[in-house]
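What follows is a single structure, written as structure tokens, with notes after it.
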Protein chains: 2
Amino acid sequence: MSGQGPKQAVTRKSGVALWRQIADQIRQAVSAGTLGADGRLPPEMVLSERFGVNRHTLRSAIAALVQEGVLRAEQGRGTFVESRQKLSYPISARTRFSTGLRSQTRDRRSILLAHAVEQASQRVAEGLGLAEGAPVVRLETLSEADERPVSRATSWFDAERFPGYAEAYAETGSITLGFQSYGIEDYFRKSTLVSARHADAADLADLKLSAGAIVLVAVAVNVDTQGLPIQYAETRFVADRVELSVSTEAQ
Amino acid sequence: MSGQGPKQAVTRKSGVALWRQIADQIRQAVSAGTLGADGRLPPEMVLSERFGVNRHTLRSAIAALVQEGVLRAEQGRGTFVESRQKLSYPISARTRFSTGLRSQTRDRRSILLAHAVEQASQRVAEGLGLAEGAPVVRLETLSEADERPVSRATSWFDAERFPGYAEAYAETGSITLGFQSYGIEDYFRKSTLVSARHADAADLADLKLSAGAIVLVAVAVNVDTQGLPIQYAETRFVADRVELSVSTEAQ
DNA sequence: TTCGATTGTATAGAACAATAGACAAATACG
DNA sequence: CGTATTTGTCTATTGTTCTATACAATCGAA
């Protein structure tokens, strides 16, 4: 609501500092194009009056967004929009990370942060259709687009069926290609549970976010052509940079 | 991660008060069942040590959750889990609000907050396949489950095809039944865009949330059996109480 | 009843957030 | 060049959050 004059609402003594509430609102408005549509933000004095706070408080908000890479401030000139676009990540039966984003971004890559073989927790076992405590391969991966972290995923695979999957992934740099080295040419997304929460400390560090940031959490099960679960994954997307697109047309 | 001993992470001088960060973590852990699985929370002293904060800070977090109705504190006895469940809202081609939640909650209802006829914005026109500025009916609705607000939706309908849809909805109290009075016996969810953001001032009031709360935003297009768009809707779900379940099995 | 465990209340000081006013530094433009 | 506009830095003051310590009130069980 409102692109120009009306005062924006901020709540005092709510446990969230004013500068953070304002930063969240500006980030959202910039992303939606209702602020800085011409690439330039109104002067600090104008914005501070619009939010009904002191100029210094507003400057704290801008400083946070500059830190995040959303804005860029230039002394004597003004404050400018550095990056606006939201990536749209499709969720369908043929969901694959790389293909979905290929057209929207220039540079994109996945990084394997860590991997281990462990015993399946109840949750993971249920997702993969294994017994609780069965050996599973766990992968911790980070995905970036245009040099900026976009998502952080934890995936589990049946260690009996995919021993050394981590190596296959490290070599190929792709989940899809990793499966191919086990003879799986095709697979499907069976289900996805989507929720949202504040990023926890680990997410903040890996995704280079500041506290209070939001992550979209997608818990997914991929199955092979027989319908057998082959991957259970929990992906945390940076909510400010990503939206999930669910297509439910006849398939 | 961790149900017992390990220290939980809180970030200082992040713009989000410690008590609020802790409240968010406890709410999440309770919802996931990793805390208070037996219906009872560990004593304040134990929790305050686990989070590395003063007992009073932890008490502020608990007070907020008591206020929200998540916890219940009894002097001399302890602190208990009042409500745990997260509602799972299915998204598929046959998504309907009421049917999806019927099995999970006792009492559920939708309230028509406001309605108006207006000119379609570019976004709405595109969603409904109309010309920008064409007349559309806008509905503002609130959905509750077990006496607690769950979602807040804004829907648009073609005013030429569905004149007075607001009245039809008010009488029947249901989107599906409202369509039936226009001879539409069946319809489908075509697409859904899911994102997340902090609740804005209006959401906070309608959904009875406290500042800093998160909403899951689903932007959806429903189509009739011919594939013509009949409803464009933006729904804000309370992220703490809802998760979206996307099924992508062969349909 | 007595005791231990637990939540509730009070008070004071330290750390942080927000306001206020003044001025410096860089830029754009006549 | 000189001026207006804009962001950057500094200092001081006030209010909110967090810490620290102490003690009261309630409950359950020995």
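Throughout, a chain's letter reflects where its sequence line sits, starting with A, and its residues are numbered from 1.
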For Gly76(A) and Leu58(A), find the nucleotide of DNA chain C closest to each by heavy atoms; which residue's nucleotide sits nearer the 5' end?
Leu58(A)

Of Glu74(A) and Asn54(A), the one whose nearest nucleotide on DNA chain C sits closer to the 5' end is Asn54(A)

Atom [atom1] of [X] to atom [atom2] of [N]: distance rounded to whole Å?
X	N	atom1	atom2	result
Gln75(B)	dT7(C)	CD	P	10 Å
Leu71(A)	dT7(D)	CG	C1'	13 Å
Arg59(B)	dA24(D)	CZ	C1'	12 Å
Arg72(B)	dG8(C)	CZ	C1'	17 Å
Arg20(A)	dT16(D)	CZ	P	21 Å

Along DNA chain D (nearest heavy atom to each residue), the more 5'-positioned of Pro43(A) and Arg55(B)
Pro43(A)

Just to be sure I understand the rule, does Thr79(B) reach a base, reach only the sugar-phosphate, or reach nothing, if contact means heavy atoms closer than 4.0 Å?
sugar-phosphate

Give a yes or no on whether Gln119(B) atom CD has more than 12 heavy-atom contacts from other residues, nucleotides or ligands under 6.0 Å away.
no

Gln67(A) atom CD: more than 12 heavy-atom contacts under 6.0 Å
no

Distance below 4.0 Å between Arg77(A) side-chain N/O and dT5(D) OP1 or OP2
no

How close do Val81(B) and Leu71(B) get, heavy atom to heavy atom, and via which atoms?
CA-CD2, 4.1 Å

Answer yes or no: is there an ion pair linking Arg55(A) with Glu49(A), defined by an N-O contact shorter than 4.0 Å?
no

If you go through the side-chain atoms of His56(A), does one of them form a donor-acceptor pair with the base of dA17(C) closer than 3.5 Å?
no

